[in-house]
Amino acid sequence: MEKRKRIASKEDQHGQMMKRKKWRLQLSNLPEDILCTIVSKLPLREAARTSILSSQWNRTWCSHTNLNLSYRSIMSRRYIERDIRPEGRKLNAEEFIRRVDAILQQHNGGGVEKIEVIGLLENENAYHINGWVNFAIKSKTKQLVLDFRSFHWPIDEPYNFAFQIFDAANMENLQSLKLGSISLKPPADFKGFQNLKRLKLLDVGITDEDLQLLLSNCNCLEFLGIYCCKLITSLRTTHLSTQLKHLYVYECPCLKEIELNSGLTTLEYIGPLIPLAPPGIYVLTNLRIKSWDISDSLQYIFTELPSTLPRLEMLTLQCRELEVADTSLLYIPNLLVDFHLTEDYFARQTNQIYLSKTSEIGIASK
């Protein structure tokens, strides 16, 4: 009896082992496109490690569709710590470039959705950066990020974006572009990114005229973000189509005025208060303003600004202090005014004032 149980137990164990082996065989026999999809869900570092599993997996990671090429993703901790010294930064840049080049050389160059290059690079590295941009174009990348910002050290000479690489034929796949600490000077005959939907400029060197040229013919642009761009004094989006729905402006110290396009529905502005509403009627429904000197302008915000924004539904004001303003002249149906009182950028209290069609005011605290 016991002998029969031992035999049955061995048979059960053998059956379980065969099931596990069969499962492994099923995984390894999956079509290559499915394997590539599975691997593309992993971070790039983890995807590369799958190459040690078998000869079949050796090249699977090279079809990764999301290439996050940042210091943190492809450099070890000792390199990041070495970055605090000038000589260390130079050595790090050289090693970072070597690794990015190696990864892109092994990649099969097809079906890339997003390429992010995030590191401390300058114009002296332009040869390699231009090569990466060429790779993005040839792989028909939809989202391109080139972010070379340094939060601790000044950049001697920012990378000059290579507009000459792009033409009407090879830029049609690009839908999202994010640039950080880059110098932008488009040529006079630049035709714009015709299929671009999202554009973020972070601490880039660009003048008012060049920004207008850069935005020219961006007829599909839906989101425009301008962050800490120190050369911009006037921002005009009036020439853009009604496709542009969301404009985000963050701490541009020299900015004096903003002219909006007629189709804009959401405007987020952080910085000193400036004229926001040129002549005309707009469909803007959501306006968010964060400024330390907002209290001095509450009367203007509540009385004059809404007259040009008749469809405004949500007004968010964030500041250090808040004085009482006369809202008796504010006649916008169903407007929600959201006050955020902050101290050192952290919210202390939030009051919401609801204005109904009968101009009754209700206050709710969060």
Side-chain angles (χ1 to χ4, degrees), residues 67 104 109-117 121 123 125-148 158-227 229-249 252 255 257-265 278:
L67 300 179
L104 297 186
V112 178
E113 289 286 325
K114 184 176 183 179
I115 295 180
E116 295 179 275
V117 182
L121 302 178
N123 200 49
N125 312 121
Y127 174 80
H128 298 278
I129 299 172
N130 291 347
W132 305 337
V133 174
N134 266 315
F135 175 88
I137 292 174
K138 292 178 181 178
S139 62
K140 299 181 178 180
T141 301
K142 295 179 181 179
Q143 303 177 57
L144 176 61
V145 176
L146 300 176
D147 192 350
F148 306 144
Y159 165 68
N160 292 317
F161 190 77
F163 286 97
Q164 69 276 9
I165 297 177
F166 293 89
D167 57 41
N170 66 26
M171 68 173 65
E172 61 181 8
N173 295 290
L174 190 61
Q175 297 180 11
S176 177
L177 181 62
K178 178 181 176 181
L179 304 175
S181 289
I182 287 175
S183 178
L184 298 177
K185 191 167 182 57
D189 60 348
F190 183 66
K191 301 302 181 182
F193 296 101
Q194 298 180 3
N195 293 326
L196 198 66
K197 294 183 178 181
R198 295 180 61 86
L199 176 61
K200 286 186 178 182
L201 303 179
L202 302 90
D203 191 27
V204 303
I206 188 170
T207 64
D208 297 346
E209 295 76 14
D210 287 335
L211 180 60
Q212 292 294 104
L213 181 57
L214 176 63
L215 297 177
S216 64
N217 297 319
C218 290
N219 296 323
C220 296
L221 197 63
E222 299 174 358
F223 174 90
L224 174 61
I226 309 291
Y227 305 73
C229 294
K230 301 176 181 64
L231 300 180
I232 296 178
T233 63
S234 178
L235 178 57
R236 295 181 174 89
T237 63
T238 52
H239 65 291
L240 295 176
S241 72
T242 55
Q243 289 294 110
L244 182 63
K245 302 298 183 184
H246 193 160
L247 176 62
Y248 189 102
V249 181
C252 295
L255 187 62
E257 62 175 347
I258 297 179
E259 291 187 11
L260 311 176
N261 66 306
S262 59
L264 198 71
T265 58

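Along the sequence shown, residues carry numbers from 1.
In terms of the side-chain hydrogen bond (donor to acceptor under 3.5 Å, both in side chains) criterion, Ser176 has no residue partners (sequence neighbours excluded). With sequence neighbours excluded, no residue forms a side-chain hydrogen bond (donor to acceptor under 3.5 Å, both in side chains) with Thr265.
Ring-centre distance between Phe190 and Phe166: not below the 6.0 Å cut-off.
Here the CD atom belonging to Glu113 is positioned 11.0 Å from the CD1 atom belonging to Ile115, to the nearest 0.5 angstrom. Going from atom SG of Cys220 over to atom CG of Leu196 covers 9.0 Å, rounded to the nearest 0.5 Å. Here the CD1 atom belonging to Ile258 is positioned 11.5 Å from the CZ atom belonging to Arg236, to the nearest 0.5 angstrom. Distance NZ/Lys114 to CG/Leu144: 10.5 Å, rounded to 0.5 Å. Taking CD of Glu116 as the reference point, atom NZ of Lys178 lies at 7.0 Å (rounded to 0.5 Å).
A salt bridge links Asp203 to Lys230: at least one charged side-chain nitrogen sits closer than 4.0 Å to a carboxylate oxygen. A salt bridge is absent between Lys140 and Glu172; no separation between the charged side-chain nitrogens and carboxylate oxygens falls under 4.0 Å. In summary, Glu222 and Lys245 do not engage in a salt bridge, as defined by a charged side-chain N under 4.0 Å from a carboxylate O.
At a cut-off of 3.5 Å, with distance as the only test, no side-chain donor of Asp208 or Ser234 sits close to an acceptor on the other residue.
A heavy-atom distance below 4.5 Å is not found between the side chains of Val145 and Val117. Side-chain contact between Phe163 and Asp189 is absent, with no heavy-atom pair separated by less than 4.5 Å. Side-chain contact between Gln175 and Arg198 is absent, with no heavy atoms from C-beta onward closer than 4.5 Å. Proximity of Leu211 to Leu213: side-chain heavy atoms (C-beta onward) are nowhere separated by under 4.5 Å. Counting heavy atoms from C-beta on, the side chains of Ser181 and Pro158 never come closer than 4.5 Å. Side-chain contact between Thr207 and Ile232: absent, with no pair of heavy atoms (C-beta onward) separated by less than 4.5 Å. Using a 4.5 Å heavy-atom threshold, the side chains of Leu231 and Asp210 count as separate.
The minimum heavy-atom distance between Leu255 and Leu235, with the atom names listed, is CD1-N, 3.7 Å.
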Going through the distances and angles, do Val204 and Phe161 end up as a side-chain contact (heavy atoms from CB on, under 4.5 Å)?
CA-CA 10 Å; Val204 303; Phe161 190 77; over 6 Å; no
Carefully, step by step, assess Phe148 and Ile182 under the rule side-chain contact (heavy atoms from CB on, under 4.5 Å).
CA-CA 7 Å; Phe148 306 144; Ile182 287 175; 3.9 Å; yes
Quick one, Leu104 with Trp132, criterion side-chain contact (heavy atoms from CB on, under 4.5 Å). Give me CA distance, side-chain angles, the key distance, then yes/no.
CA-CA 8 Å; Leu104 297 186; Trp132 305 337; 3.4 Å; yes
Kindly determine whether Cys218 and Asn195 satisfy side-chain contact (heavy atoms from CB on, under 4.5 Å), including the steps that lead there.
CA-CA 7 Å; Cys218 290; Asn195 293 326; over 6 Å; no
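Partner of Tyr159 under the side-chain contact (heavy atoms from CB on, under 4.5 Å) criterion, chosen from Leu184, Asn130, Leu121, Asn125: Asn130. If you run side-chain contact (heavy atoms from CB on, under 4.5 Å) between Leu244 and each of Asn219, Leu199, Leu221, Leu215, only Leu221 comes through.
Put simply, the side chain of Thr141 never gets that close to the backbone of Ile137: no donor and acceptor are under 3.5 Å apart. Without hydrogens or angle criteria, Asp147 side chain to Leu179 main chain gives no donor-acceptor distance under 3.5 Å. Side-chain N or O atoms of Thr237 include one that pairs as donor or acceptor with a backbone N or O of Glu259 at under 3.5 Å. The backbone N or O of Asp167 lies less than 3.5 Å from a partner atom in the side chain of Asn170, making a donor-acceptor pair.
Using a 30° and 60° split on the angle between ring planes, Tyr248 and Tyr227 fall in the parallel class, below 30°.
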